[in-house]
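Take a look at the structure set out below.
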Amino acid sequence: MSRKRAKYVFVTGGVLSSIGKGITTAAIGTLLKSHGLSVTALKLDPYLNVDAGTMSPFQHGEVFVTDDGAETDLDLGHYERFLGVRMGAKNNVTAGKVYAAVIAKERRGDFLGATVQIVPHVIEEIKSQIAALENGIDVILVEVGGTVGDIESQPFLEAIRQMALERRGDAVFVHLTLVPYLSTVQELKTKPTQHSVQELRRIGIQPDFIFARSPVPLSDSARAKVALFSNVDAASVISLPDVKSIYQIPPLLAAGGVDRQLLERLRPEKAEKTPKPPAKSAAPLMERWERLAKTVLLAKDAVTIAMVGKYIDLQDAYKSILEALTHAAAAHDRRLDLRWVDAEELQDRTLGETFKGVGGILVPGGFGERGIEGKVRAVSYARLKSVPYLGLCLGLQIAVIEYARNVLGLDGATSTEFSPRPRHPVIDLMEEQKKKKNLGGTMRLGACTCNIRKGTLAHRIYGQPKIRERHRHRYEVNAAYVQRLAKAGLVAAGTDERTGLVEIVECPSHPFFIGVQFHPEFLSAPLAPHPLFKAFVGAALR
Ligand code: GLN
């Protein structure tokens with residue numbers, strides 16, 4: 001069997017972090033995919049955590065969960081949304097994962113007495129974890145986390161350098177840097193970019209493209225300077241001025257000719273036995289992205305959603321939810337007007353004021369006791385005032401707690417996550433979870449099949465009796481209370497196929513009151529909004 005060779009696009013970053021490497025990588029993928037190529041992406045994270053599962057959203061932003069239950073960097077969310085390709089554990093390689101693998105091999109005696117070292121053993125492990133994605137895929141995008149010059153990223157950069165050397169002609173390097181604008185002299189400054197490229201070349205990597213992120217479009221002279229000192233064609237210095245919506249990035253790259261140049265350099269068809277049909281044009285798809293960006297930014301009307309959370313200072317902690325709401329609003333031709341509500345500050349007497357003019361209330365996932373009582377108040381408000389409610393994971397658990405307390409009259413009903421021996425543990429651990437000791441990797445994770453009951457709101461929304469959605473939680477609705485809750489009007493509309501655990505609750509007497517134990521936000525995409533979010537926004541508009 002002749003396997004075609006995968007082509008690689010390695011994306012590194014310079015000068016600063018947080019200049020949009022993840023989105024840019026995803027957008028390159030969108031472009032390549034629009035030419036009919038199969039594309040996937042991989043994130044290299046230089047930190048020593050084995051995965052993002054134990055990292056605080058305060059520090060690191062959202063933990064993105066894949067179908068196979070991997071807890072990964074939020075950039076994988078961008079990849080899935082932009083590429084329409086399912087990610088998995090293999091698509092996120094951390095230093096922790098690499099070292100854990102090398103050390104496990106050492107303990108097994110696999111190295112036959114050799115001294116185990118960063119070069120070659122760690123480097124080889126990185127290379128093999130990257131190459132594990134080569135499975136008939138045309139192009140693999142590899143994003144290196146961190147910035148060039150960090151101690152942590154060095155082994156990763158060495159690994160991609162070697163990979164490119166071993167695959168001459170099948171790999172390109174994209175370096176994304178910041179070109180700041182100095183208002184005192186009214187000039188774009190290219191020096192930091194020059195230094196960062198020098199650093200990259202010092203370790204043996206010559207970039208093929210410089211993507212220059214800057215507050216304003218790159219001037220011709222700045223472009224010429226970057227090209228000259230980076231040893232890159234002027235046409236391959238791509239200007240990435242700040243934009244208001246991430247959906248503008250794929251068309252922006254297309255306008256800079258990035259897809260054409262990448263196809264010329266990589267010639268993906270070269271590796272194939274059967275030639276591809278003539279290259280598809282990216283134009284129709286790019287128009288869809290542009291239209292979407294326009295709606296998101298400029299739609300005449302907005303939909304106002306209140307998000308009651310505890311990480312409200314760090315919006316990255318709720319990245320996928322924000323995205324899913326934006327997609328859903330756009331599907332209704334609306335802008336999203338998101339009102340952040342700090343759960344800890346919610347008081348009964350100010351609820352009316354807080355939620356004034358709000359079309360829907362959302363309680364997202366979360367861990368720990370902080371802010372719980374405020375979230376319960378928000379649910380009461382939504383239930384009693386017939387405001388559309390969507391509860392995600394913890395948001396479902398809060399809905400059950402609220403209903404148990406205020407409708408069933410079960411005083412002190414709560415989750416055993418917040419109180420060890422409550423009178424009414426309406427949310428509790430399953431037996432198998434109770435035995436686990438380490439916090440890393442002890443949750444119900446990844447995609448599970450849920451059966452939806454006919455005649456429910458959930459069934460109308462999904463339009464099918466079986467769905468697969470992703471999980472990330474330890475606690476469950478306590479089966480001992482399910483019937484009582486249902487009798488009082490909070491019914492289980494969906495249950496887990498394997499275990500029978502409650503997956504969806506809803507309140508048929510309310511216009512839109514639904515809680516889900518899973519995370520639908522991970523499956524929403526800009527051009528394919530998730531039905532649950534779409535229905536929620538629809539209800540919020542009515
Ligand atoms: N803390 C809850 C649990 O572990 C909810 C988790 C979540 O919202 N992701 O079950």
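Here the structure is a predicted model, which is why all the values come from computation and not from measurement. As the structure lists them, so they are numbered: ligands from 1, and atoms in each ligand from 1. Positions are given from 1 along the sequence.
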With atoms numbered from 1 as shown, which atoms in ligand 1 lie under 4.0 angstrom from a non-hydrogen atom of His519?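 Reading through ligand 1 atom by atom, the close ones are 9 (N).
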
Within 45 degrees of the axis of the six-membered ring of Tyr389 and under 6.0 Å from its centre: does Arg383 put its NZ or CZ there?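 The answer is no; the distance or angle limit is not met.
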
Taking atom CZ of Arg470 and atom NE2 of His519, what is their separation to the nearest 0.5 Å?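 Here the interatomic distance stands at 11.0 Å.
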
Any chance you could measure Glu323, atom CD, to His530, atom NE2, to the nearest 0.5 Å? 14.5 Å

What residue among Lys466, Arg468, Arg444 forms salt bridge (Lys or Arg N to Asp or Glu O under 4.0 Å) with Asp496? Arg444

Answer side chain, backbone, both or neither: which part of Arg472 comes under 4.0 Å from ligand 1, heavy atoms only. backbone

Which segment of Met443 sits under 4.0 Å of ligand 1 when only heavy atoms are counted: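 None of Met443 does.
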
Verify the neighbour count for atom CG of Leu298: are there more than 12 heavy atoms of other residues, nucleotides or ligands below 6.0 Å?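 Check passes, neighbour count above 12.
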
So, 4.0 Å and heavy atoms of Gln397: is ligand 1 close enough to count as a contact? yes

So, 4.0 Å and heavy atoms of Glu476: is ligand 1 close enough to count as a contact?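 Per 4.0 Å heavy-atom rule, Glu476 does not contact ligand 1.
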
[atom]: which protein heavy atom is closest, and how many Å away?
atom	result
atom 7 (C) of ligand 1	Cys393 SG, 3.0 Å
atom 10 (O) of ligand 1	Tyr475 N, 2.8 Å
atom 4 (O) of ligand 1	Arg474 N, 3.0 Å
atom 1 (N) of ligand 1	Glu417 OE1, 2.7 Å

Should one rank Pro364, Gly365, Gly366 by closest heavy-atom distance to atom 6 (C) of ligand 1, which comes out on top? Gly366

Side chains of Gln517 and Val502, heavy atoms from C-beta outward: is any pair under 4.5 Å?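 The answer is no, as the side chains (C-beta and beyond) never meet within the 4.5 Å cut-off.
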
Between Leu392 and ligand 1, does any nitrogen or oxygen pair lie at a separation below 3.5 Å?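 No, Leu392 has no N/O under 3.5 Å of an N/O on ligand 1.
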
Does Glu71 form a salt bridge (charged side-chain N to carboxylate O under 4.0 Å, His left out) with Arg472? I'd like the steps, not just the answer. CA-CA 9 Å; Glu71 299 176 273; Arg472 182 171 186 255; 2.6 Å; yes

Going by side-chain contact (heavy atoms from CB on, under 4.5 Å), Leu336 matches just one of Ile305, Val296, Val537, Thr304. Which one? Ile305

